[in-house]
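The structure appears right after this line, and notes come after that.
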Amino acid sequence: MSLQSVRAFFAEKAPDLHVIELDTSTATVALAADAHGVEPGQIAKTLAFRMGERNLLIVARGDARIDNRKIKETFGSKAKMLDADTVLALTSHPVGGVCPFGLATPLPVYCDVSLRAFEEVVPAAGSIHSAVRIAPARMAELVEAEWVDVCQSLPVENREVAAP
């Protein structure tokens, strides 16, 4: 159902975007980057957290790490990653295919500013074999995400910089 919900989401909100399906797994950042021929940072990973009494999704660049101090400052509580069964129940997407599109349950979505380093990112599309290529700003707009800064700063040599 997950891939179908993502397809339905795009059919309604962005019919110009097409889901890419591959024969190989893209369940990890490394596998996805290799399969799509991009740097690991361009993989937009979607992480599911419980913050106090609410669940939410954070989309960040693939090579970024969540900064617990920034999370607490931004959301006012500690973050607890959701287990795979809870993620599947809330999103309809299996771990490795989690994305902010076509969710089973409406969840707040936040995009980390780290994604802005790229003109195009590659988030999963509801399964471990699917993805979509999209500009970070368009992704945030489509899922009504708020931009936040919750990842650790990357060393300068690991940063990609989009052309002005």
Side-chain angles (χ1 to χ4, degrees), residues 2 5-6 9 13 25-34 36 38-128 130-162:
S2 180
S5 69
V6 172
F9 176 90
K13 298 189 182 263
S25 173
T26 55
T28 67
V29 169
L31 289 172
D34 187 51
H36 292 286
V38 298
E39 295 299 315
Q42 277 185 272
I43 301 302
K45 62 184 176 185
T46 303
L47 306 168
F49 292 99
R50 178 126 179 115
M51 307 274 186
E53 296 300 313
R54 67 184 185 140
N55 298 315
L56 56 85
L57 300 178
I58 296 175
V59 186
R61 63 185 281 158
D63 58 359
R65 294 180 53 113
I66 296 294
D67 184 315
N68 291 325
R69 180 187 55 78
K70 287 182 176 182
I71 285 267
K72 191 168 184 182
E73 288 174 2
T74 301
F75 295 103
S77 66
K78 288 178 68 172
K80 180 179 186 276
M81 283 200 84
L82 298 176
D83 63 77
D85 291 336
T86 303
V87 171
L88 182 61
L90 289 172
T91 66
S92 79
H93 310 321
V95 170
V98 179
C99 63
F101 317 112
L103 301 173
T105 307
L107 294 168
V109 178
Y110 297 87
C111 288
D112 187 75
V113 295
S114 63
L115 294 167
R116 290 182 171 158
F118 303 102
E119 290 181 23
E120 181 180 75
V121 293
V122 185
S127 79
I128 63 168
S130 64
V132 65
R133 290 178 177 265
I134 189 169
R138 183 153 187 222
M139 176 177 61
E141 179 183 321
L142 284 173
V143 299
E144 300 177 10
E146 181 179 326
W147 288 97
V148 293
D149 180 3
V150 293
C151 288
Q152 295 174 359
S153 297
L154 294 170
V156 172
E157 66 272 9
N158 288 350
R159 290 188 197 165
E160 296 287 331
V161 179

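These numbers were taken from a predicted model, which means no experiment stands behind them.
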Looking at [X] and [Y], what are the two nearest heavy atoms and their distance?
X: G41; Y: R61; result: O-CB, 3.1 Å
X: L31; Y: T26; result: CB-CA, 4.1 Å
X: L88; Y: P94; result: CD1-N, 3.7 Å
X: L56; Y: I58; result: CD1-CG1, 3.7 Å
X: H93; Y: G126; result: ND1-CA, 3.6 Å
X: V143; Y: P100; result: CG1-O, 3.3 Å

Would you call K70-D149 a salt bridge at under 4.0 Å N-O?
yes
Could you walk me through whether F118 and V38 pass side chain to side chain contact (heavy atoms under 4.5 Å, CB included), step by step?
CA-CA 11 Å; F118 303 102; V38 298; over 6 Å; no
L82 and side-chain contact (heavy atoms from CB on, under 4.5 Å): which single residue from V98, N55, L57 fits?
N55
From L90, T91, V6, residue fulfilling side-chain contact (heavy atoms from CB on, under 4.5 Å) relative to L103:
T91
One pair to check against side chain to side chain contact (heavy atoms under 4.5 Å, CB included): M51 and I71. What are the steps and the verdict?
CA-CA 9 Å; M51 307 274 186; I71 285 267; 3.5 Å; yes
Tell me, yes or no, whether the heavy-atom count around E141 atom CD, taken from other residues, nucleotides or ligands under 6.0 Å, exceeds 12.
no
Run the ring pair (Phe, Tyr, Trp, His ring centres under 6.0 Å) test against Y110 and tell me which residues pass, sequence neighbours left out.
F75
Pairs satisfying ring pair (Phe, Tyr, Trp, His ring centres under 6.0 Å), at least one member in residues 38-73, at least two apart:
none
